[in-house]
Amino acid sequence: MAMYEREGFSLYLTELKDSGLPIGICGLIKRDTLPDVDIGYAFLPEHWGKGYAQEAAAAVLAYGNRAFGLQRIVAITAPDNQQSIKLLEKIGLKFETRLRLTSDGAETNLFAYHF
């Protein structure tokens, strides 16, 4: 809630259209450790592989540009998370670099989308 009050965005509940069943979260995040706003998402395992994360992430990407004028949106993922890498590439993000969000943290991949 603090991020929503501060930035005007945060993670949003993702639900099935037909039933309203909650299946995960997806939204925009402003982390202290990244200069850009990033897309974050997490879905319940029983809803993986059905296209819901891709649909939600693509909608959030467009929303970030339309509602907030963001010209660059990033995403991070573990280097071995092939499902997330594939999803980010499908919605148009491009790999930029590997980085560490903290000095003692693991390496993570940084992807970016430029409008």
Side-chain angles (χ1 to χ4, degrees):
M1 295 306 296
M3 184 181 309
Y4 188 81
E5 289 175 9
R6 185 177 64 249
E7 305 290 343
F9 53 75
S10 66
L11 294 167
Y12 307 104
L13 175 70
T14 304
E15 59 186 31
L16 295 178
K17 290 178 187 176
D18 295 343
S19 65
L21 178 72
I23 61 169
I25 55 174
C26 186
L28 298 169
I29 304 167
K30 180 58 189 99
R31 300 173 198 266
D32 293 338
T33 54
L34 288 174
D36 300 293
V37 172
D38 72 289
I39 294 176
Y41 55 87
F43 286 78
L44 297 170
E46 59 268 28
H47 300 288
W48 292 357
K50 297 179 180 177
Y52 299 133
Q54 182 179 338
E55 181 181 357
V60 163
L61 186 65
Y63 178 70
N65 176 254
R66 185 179 65 252
F68 301 101
L70 298 173
Q71 295 300 303
R72 174 180 156 92
I73 298 176
V74 301
I76 55 173
T77 187
D80 63 346
N81 188 341
Q82 292 303 313
Q83 285 184 291
S84 282
I85 291 168
K86 187 176 174 180
L87 182 152
L88 295 173
E89 290 173 339
K90 278 186 177 181
I91 64 169
L93 280 84
K94 306 285 186 219
F95 175 80
E96 282 195 350
T97 191
R98 281 206 176 153
L99 55 85
R100 294 180 193 276
L101 296 178
T102 61
S103 60
D104 59 347
E107 278 194 331
T108 188
N109 286 345
L110 179 75
F111 290 79
Y113 187 95
H114 297 266
F115 289 90

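Note that the structure is predicted; figures quoted are calculated from it, not measured.
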Is there any salt bridge (Lys or Arg N to Asp or Glu O under 4.0 Å) pair reaching into residues 74-94, and which pairs are they, with sequence neighbours excluded?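 Pairs touching residues 74-94 that pass the test: none.
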Just grab all the salt bridge (Lys or Arg N to Asp or Glu O under 4.0 Å) pairs involving residues 42-54, residues at least two apart or on different chains.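 Output for this query is empty, none listed.
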Which heavy atom of L11 sits nearest to which heavy atom of G40, and what is that distance?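 The pair with the smallest heavy-atom distance is CD2-O, 3.6 Å.
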Atom of W48, atom of Q83 and distance for their closest heavy-atom approach: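 So the minimum-distance heavy-atom pair works out to CE3-OE1, 4.5 Å.
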Backbone N or O of R100 within a donor-acceptor pair of the T108 side chain at under 3.5 Å?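 Flag not set: sc T108 to bb R100 has no pair under 3.5 Å.
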Nearest 0.5 angstrom please: L93 CG to I76 CD1, how far?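 Here the rounded value is 12.0 Å.
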Out of curiosity, L88 CG to Y113 OH, how far, rounded to the nearest 0.5 Å?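 With rounding to 0.5 Å, CG (L88) is 13.0 Å from OH (Y113).
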For residues 19-36, which side-chain donor-acceptor pairs fall under 3.5 Å, sequence neighbours excluded?
{"residue": "S19", "atom": "OG", "partner": "L21", "partner atom": "N", "Å": "3.2"}
{"residue": "K30", "atom": "NZ", "partner": "L34", "partner atom": "O", "Å": "2.4"}
{"residue": "R31", "atom": "NE", "partner": "D38", "partner atom": "OD1", "Å": "3.0"}
{"residue": "R31", "atom": "NE", "partner": "D38", "partner atom": "OD2", "Å": "3.2"}
{"residue": "R31", "atom": "NH2", "partner": "D38", "partner atom": "OD2", "Å": "3.2"}
{"residue": "D36", "atom": "OD1", "partner": "R72", "partner atom": "NE", "Å": "3.4"}
{"residue": "D36", "atom": "OD2", "partner": "R72", "partner atom": "NE", "Å": "2.8"}
{"residue": "D36", "atom": "OD2", "partner": "R72", "partner atom": "NH2", "Å": "3.3"}

Check for me, please, whether L110 and I39 land in the same ILVMFWY cluster - side-chain distances under 4.5 Å, paths through other members count.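 No, no single cluster joins them.
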Quick one: list whatever passes side chain to side chain contact (heavy atoms under 4.5 Å, CB included) with R98, sequence neighbours left out.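 With sequence neighbours excluded, R98 shows a side chain to side chain contact (heavy atoms under 4.5 Å, CB included) to P79, F95, E107, N109, given in chain and number order.
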Atom pairs and distances, side-chain donor-acceptor, residues 54-71, under 3.5 Å, sequence neighbours left out:
{"residue": "N65", "atom": "ND2", "partner": "L70", "partner atom": "O", "Å": "2.8"}
{"residue": "Q71", "atom": "NE2", "partner": "G69", "partner atom": "O", "Å": "3.3"}

ring-ring contact (aromatic ring centres under 6.0 Å, His included) involving Y41 - partner list, sequence neighbours excluded: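 Testing Y41 for ring-ring contact (aromatic ring centres under 6.0 Å, His included), a comparison that skips the adjacent residues, returns none.
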How does the hydrophobic cluster around L13 look, that is, which other residues are in it when side-chain heavy atoms under 4.5 Å mark a link?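 Its cluster mates, by chain and number: none.
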Tell me the side-chain hydrogen bond (donor to acceptor under 3.5 Å, both in side chains) pairs involving residues 3-16, sequence neighbours left out?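 Listed once each, the pairs would be none.
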Using the test side chain to side chain donor-acceptor pair (under 3.5 Å), find all partners of S103 that sit at least two apart in sequence or belong to another chain.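 Side chain to side chain donor-acceptor pair (under 3.5 Å) check on S103 returns nothing, list empty.
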